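Here the structure is a predicted model, which is why all the values come from computation and not from measurement.
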Amino acid sequence: MPVFAWTAAAAATEFYDGQQDDGYAEVAGASATPKPVGEDDTHATPHHSITQVMEGGNAAHKVSTWQCGVILFKSCFGVGILGLPFAFRNSGMVAGVLSCIFVAIMTNISTKLLVWNKRLLVKRTGKEFTSIPEMSGHLFGNKGLQVANGIILCCQLGTCIAYNIFLGVSLVAIISTLYPNPDHFIYGNSLGYNPYIFFVICQTLLFCMMAQLKDVASMAPLLMFAQVAMVTAFALIIIAGMVHPSVCDRDGSTAVFCKVHAGARWDTYPVFIGIAVFAMEGIPTVLTIENSMADPDRFEEMFDRVQFLITTVFIFFGTMGYWLYGNNTKSVITLNIPGTWGIVIKMLMVIVIFLSYPLQFMPVVEICKKWADGTGFDMLYNRTPPFVKDKGYLGRTKADFSERVKFCLTIMGVLTTGIVAISIPHFGHVLSILGSVTFSAVTFVIPPILFLRAKQGEHTVQMVMLCCFIVSMGFCITGLGLWSNVSTASVWKHKFEKSPPRVGSHEVTQAHDMYKEAEGL
């Protein structure tokens, strides 16, 4: 999920001008429907999916088409864009642009399949569907619900892993700029520790405490600041690259606009695809946004325009970032900004990501709570010997026991994000793996399968072929993305990314002289 996807539905309330009193009952992420007097709604919501937790925290009100477009743009404008310059470095300029457009088109079709499927189910059942797991549960039963929930849960945890990596790498870069002496204690050369691991452990411990906050939803207004800070940081990245020349390659060449690879780099091309899919990951929010529209028939028109704008922004930022920093483009693009500019940009992004982590992790906390209240742990509590209950180690009541189980599951989830961030500290490859596996499944595999299942026996041959092509593409992205990233040596070296050498440094001068000398030979 994006850094802002969790509040997609809540963001709609920013545009609401007054209370409705038209006799319609509204629920989060659902369109207004008449509620007959005396109707028993005890079983109106038989289960809760992860995306309901993400998207439906508060009552959503009907908003106009352009306002929904703004909300959709916010939900897609997340941390994935930071990896796009690195993605273009791995694909080549022309291949990256064409592939980005192709991924956007396929995402557009798959998203519309999801929305059309939702409308069909609403027409058949008279019930509202606000999430992918809800539709999966209706069409495939409890197993479908659990599989969809599991995939989206992996998306949430995976994004938190990427946050941990980004924070650790950025904090090390900030310290190295403030204390450029490599013999300083912060580098751990004399103390025998890795500064990246130190920072990841520290922030993971902080996140363990933040994940226990009872009212995490109250932090949602901070995302307004986060959005402004992120857009500011993106603008400063491009401006800084155009103002200050960069070291473009290993030969020490320095320029404002570096030489780029125009053709395709097929050996690392799947890395690009994974990051591109991750960047265009607003699809889990579209059902809530479509439900919140005053005129849902205009969703397709709105979505086409917003996605065109998003794709344009992504291509511009990705190509400009690669063009400005060349083969030294890092997956954490802020590493390419040296000096005071770099400290300001890195600090902005550190604040954004740090504030976003607990909101991003909140759906995981809610699911842990539902698991703790589930029948499995109920049976465990009932089978616990009485003398253990009397001691109070597991809680003296079932409610206490469930609370402690939720606490343990939450801590395990946060620790998992930290452990994986330490094990695979490369931001770009983690984004690519997430995009290739989890987000590819959410975007290209699940929606066509749900559509074919819902319209079984009613769809045309052309539509079946299109759905099969999209699903096959999703599986191909998963296979190729995993192979390309896992087979990359840098993934398993357990080394975090560092800032490239600065212009005029001894390292750059030495590399340039050696290159010139080799050229002369």
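Residue V200 forms a side chain to side chain contact (heavy atoms under 4.5 Å, CB included) with just one option from L171, I422, I419, V169, and that option is I422. Each of F272, Y269, Y322 was evaluated against F88; a single residue qualifies, F272, per the ring pair (Phe, Tyr, Trp, His ring centres under 6.0 Å) test.
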Going through the checks in order, is the side-chain contact (heavy atoms from CB on, under 4.5 Å) test met by F299 and M293? CA-CA 8 Å; F299 171 82; M293 294 181 67; 3.8 Å; yes
Using the rule given for side-chain contact (heavy atoms from CB on, under 4.5 Å), can you reason through L206 versus C202, listing the C-alpha separation, both sets of side-chain angles and the distance that settles it, and then say yes or no? CA-CA 6 Å; L206 286 174; C202 290; 5.7 Å; no
For the pair L450 and L114, evaluate side-chain contact (heavy atoms from CB on, under 4.5 Å) and give the outcome as yes or no after the intermediate values. CA-CA 8 Å; L450 293 180; L114 188 67; 4.3 Å; yes
Step-by-step side-chain contact (heavy atoms from CB on, under 4.5 Å) determination, V313 to F234: CA-CA 11 Å; V313 171; F234 289 158; over 6 Å; no
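Counted by atom type alone, D295 and T65 present zero donor-acceptor pairs between their side chains at under 3.5 Å. One side chain, N291 or K118, offers a donor N or O that lies under 3.5 Å from an acceptor on the other.
The aromatic rings of F469 and F102 stand perpendicular to each other, their planes meeting at an angle above 60°, with 30° marking the opposite boundary. Aromatic ring pairs are classed by plane angle as parallel below 30°, tilted from 30° to 60° and perpendicular above 60°; the pair H426 and H429 is tilted.
Centroid-to-centroid, the aromatic rings of F354 and F207 come within less than 6.0 Å.
Between L434 and C155, the closest side-chain pair of non-hydrogen atoms is not below 4.5 Å. Residues T416 and L157 are not in side-chain contact: their nearest non-hydrogen atoms beyond the backbone lie 4.5 Å or more apart. Inter-residue side-chain proximity for Y357 and V414 is flagged as met; some heavy-atom pair is nearer than 4.5 Å.
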For residues 340-353, which side-chain donor-acceptor pairs fall under 3.5 Å, sequence neighbours excluded?
unit_1	atom_1	unit_2	atom_2	d
W341	NE1	H244	NE2	3.3
K346	NZ	T334	O	3.1
K346	NZ	I337	O	2.9

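For the atom pair I449 CD1 and F444 CZ, the distance stands at 13.5 Å (nearest 0.5 Å).
Taking a 6.0 Å sphere around CZ of R265, one finds it holds more than 12 heavy atoms contributed by other residues, nucleotides or ligands.
With sequence neighbours left out, D304 forms a salt bridge (charged side-chain N to carboxylate O under 4.0 Å, His left out) with K112.
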